[in-house]
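For ligands, and for the atoms within them, numbers begin at 1 and follow the listed sequence. Note that the structure is a prediction, hence the values are computed from the model and not measured. Keep in mind that the numbers below use all heavy atoms, side chains included, and drop hydrogens, waters and symmetry copies.
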Amino acid sequence: MTQLEIARKGEISPQMQAVARAESVEVEAVRQGIADGKVVVPANVNHKNLVPCGVGAGLATKVNANIGTSSDYGDTATELEKLRVALEAGADAVMDLSTGGDIPAIRRAIIAASPRPIGTVPVYQAGVAAIEAHGAIVRMSVDDIFDAIEAHAREGVDFVTVHCGVTQGAIERLKQQGRVTDIVSRGGAFMVGWMLHNDRENPLYEEYDRLLAIAREYDVTLSLGDGMRPGSLADATDRTQVEELITLGELVERARAAGVQVMVEGPGHIPLDQIEMNIRLQKSLCKDAPFYVLGPLVTDIAAGYDHITSAIGGALAAMAGADFLCYVTPSEHLAIPDADDVREGVMASRIAAHAADIVKGIPGAAERDRKMSEARKRLDWEEQARLALDPEKVGRVHRQRATAGAACSMCGQFCAMDLVAQYLGVKAAKC
Ligand code: SF4
């Protein structure tokens, strides 16, 4: 049985208990959230070393880090190092988006090494294999696509991005729309190229029940991909994006009916004033399925700093109800990320997630900030490091440019915390 089926029977699984403990919430709330489809626990029955993680309503906002090779860079060692860095930085989940090298071997190594949920986009492997075997992505067969999905599921992948909403109807609307950036989703582009070349409907849509059967067997959570997501502010919230979202909403209901856990992916590039509306639209059309947003990026012109661009968008999105933030690294739009980019990307998204969790009322979130401020007032640097999102950096920077006394070198002997404490007659604890 899948976690959804167990929850609907009114039973509590070890995975639900683990999520409840990690989130400091009642296990019954987790069970009910899963039963209602508002929470997913991506937990493939074959991912043996998994520490379960919940995504959805009432739970802390989660962060995903994308790693994986490209056709030019990376191998098993580089991707395992990125995995290590991502987990050390606090990523809740990791997606292996490898498109180069020995893709199956890299994936298996990542699953074996990760206690956090692993996601993939199986059509990448099917497309790359088709190029190697037949010279073109468009020559992959329908069975190639489903065989890749089944292989990922069998090996323990916890959630898969599947671009089921890229239909012939969506392509027609795309043509009529006249976008600035037509399609920026790699998986979406694979499917559109295949569909146009072969003049056929999307097999992930046409044979959705086949996909559901695989997902149910291994309890793989479907992450319904947004192949038509806007890749520029000019294309945000256009008819093409919304048409796909309507289709995804219908597919959410079919997945739930089949006992399959499902979440929905979202944009993309979105101006600040459209973010909340996008979240509300998704929650309404997709019946409160957990929303997994890619950014969103709030301007198109900050290449080199897009981890910041996406953290701004991610904070607003999560505050409005997005449940899962896919990180963006400083090398977005420029190059495949290296391990340093991975760390920066995870930290930026964690800041966004935590900022939103404070106002979402997630247990312990606001309290952590209060304790940090109290530690600042006491000039308690150990406690500040312990409470910080990046303890290592806090300790290192403070030590590197130290000052005499208990203050930091920002104000040195004119430390406001210290001076005011003296004048108020409440000496800072460490002075
Ligand atoms: S020196 Fe300035 S920045 Fe540093 S702890 Fe004191 S008030 Fe804060």
Seminar exercise, completed: Taken to the nearest 0.5 Å, the spacing of T99 OG1 from Y73 OH works out to 13.5 Å
Exercise. Say you draw a straight line from CD of E28 to CD1 of I12; how long is it, rounded to the nearest 0.5 Å?
Worked result: 5.5 Å
Exercise. With atoms numbered from 1 as shown, which atoms in ligand 1 lie under 4.0 angstrom from a non-hydrogen atom of L379?
Worked result: 5 (S)
Exercise. Between the main-chain N or O of V180 and the side-chain N or O of D235, is there a donor-acceptor pair closer than 3.5 Å?
Worked result: yes
Exercise. What residues form a salt bridge (Lys or Arg N to Asp or Glu O under 4.0 Å) with D323, not counting sequence neighbours?
Worked result: K283
For this session: State the OG-CG distance between S114 and L83, to the nearest 0.5 angstrom.
Result: 5.0 Å
Exercise. If every non-hydrogen atom of R256 is compared with every non-hydrogen atom of D288, which pair is closest and at what distance?
Worked result: NH2-C, 3.8 Å
Seminar exercise, completed: Report for atom 2 (Fe) of ligand 1, protein N, O or S closer than 2.8 Å, by chain and number, lists C411 SG
